[in-house]
Amino acid sequence: MHHLPPPQVPTPLEPVEDPRFDARGITLSLKRDDLIHPHLVGNKWRKLAPNLTAAAGHPLVTFGGAYSNHLRATAAAGRLLGVATTGVVRGDELADRPRNPSLARCEADGMRLHFVDRSTYRRKDEPEIRAALLRDLGEEDAYLVPEGGSNALAVQGCAALGTELRGHADVVAVACGTGGTLAGLAAGLGPDQRALGVSVLKGGFLTGETARLQDTAFGGPRGRWSVTDRFHCGGYARVPAALEAFAVDFEQRHGLAVERLYVAKTLWALTVLAEEGAFPAGTRLTAVVTGAPEPY
């Protein structure tokens, strides 16, 4: 079995001069988790590394949609470690279509893709459905990583993100897809800090999911945190013209390439909330840069 290059931790915290925040006496910093590891970018390292240790070289089976960052990260980890990976992909209609760049990258990294219909995929956490899937794959002894990579080990891994930010911020914002990064971040922060989860998808379920993950990882609630559902822009992978224009403007102002599906929504949320007066003067805001734009 090969070894992963070590992560660059703690990741840098970079101040940003921006008149939209400066005018209100607020500071903005970027927690550059996109620089943590050359192949497992951002929160993917923090979530996957403890699971890879627990897998101890067993084949990995995980789950995701056609554009899942988590599938790509798991495939890359499998290639680097010399471990077999299988991705169970939502949507059996995709099986015979040309691969999009995300799925093509997974296959190039050696991941076997297994496409299932959407109703089966929705039931993938039911024990009998999961057992049948693993039988079909011939992977009964595989190590299972959940969709989005969020389980107790991943949440515990993300607590280090909060610990690294102790004393450096009052409010830390992070994009949320499954709630695992938020659950860990909040647990690692100090008692005078709070975490703000910016949901990137519709449904309003992330508050409950984050609480469930904290319960699984730590045995109960940890830290001060909340979720805002105002900035998903229509749902996962939706990048309307206004968000695109905001991201391009932020890139031009600050020389940072902004990943659209997660990071742009986090930065937009903080900008809008600051302009609405949600943060008192003197507040130190930090946005977690959880990923880099494609290709990486």
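From a predicted model like this one, the values you see are computed outputs, not experimental measurements.
The side-chain hydrogen bond (donor to acceptor under 3.5 Å, both in side chains) check on R118 picks up E93, with sequence neighbours excluded. S68 is linked by a side-chain contact (heavy atoms from CB on, under 4.5 Å) to H70, L71, counting only residues two or more places apart in sequence or in another chain. Judged as a side-chain hydrogen bond (donor to acceptor under 3.5 Å, both in side chains), and not counting sequence neighbours, Q193 has no contacts. Partners of P10 according to the side-chain contact (heavy atoms from CB on, under 4.5 Å) rule, which considers only residues two or more places apart in sequence or in another chain, are K31, E164. In this structure F115 satisfies the ring-ring contact (aromatic ring centres under 6.0 Å, His included) test with no other residue, sequence neighbours excluded. Applying the salt bridge (charged side-chain N to carboxylate O under 4.0 Å, His left out) rule to R112 yields the partners E139; only residues at least two apart in sequence or on another chain are considered. Contacts of D18 classified as side-chain hydrogen bond (donor to acceptor under 3.5 Å, both in side chains), with partners at least two apart in sequence or in another chain: R20, H254. For Q156, there are no side-chain hydrogen bond (donor to acceptor under 3.5 Å, both in side chains) partners, not counting sequence neighbours. In this structure, the salt bridge (charged side-chain N to carboxylate O under 4.0 Å, His left out) partners of R230, at least two apart in sequence or on a different chain, are E276.
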Using atom types as modelled, flag every donor-acceptor pair under 3.5 Å from a side chain in residues 197-208 to any protein atom, sequence neighbours excluded.
unit_1 : atom_1 : unit_2 : atom_2 : d
S199   : OG     : L201   : N      : 3.3
S199   : OG     : L201   : O      : 2.7

N/O donor-acceptor pairs under 3.5 Å from side chains in residues 165-190, not counting sequence neighbours:
unit_1 : atom_1 : unit_2 : atom_2 : d
R166   : NE     : G188   : O      : 2.7
R166   : NH2    : G188   : O      : 3.3
D170   : OD1    : R284   : NH2    : 3.1
D170   : OD2    : R284   : N      : 2.7
D170   : OD2    : R284   : NE     : 3.3
T178   : OG1    : S150   : OG     : 2.6
T181   : OG1    : N43    : ND2    : 2.9

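Residue pairs satisfying the salt bridge (charged side-chain N to carboxylate O under 4.0 Å, His left out) criterion with at least one member in residues 186-197, sequence neighbours excluded, are absent.
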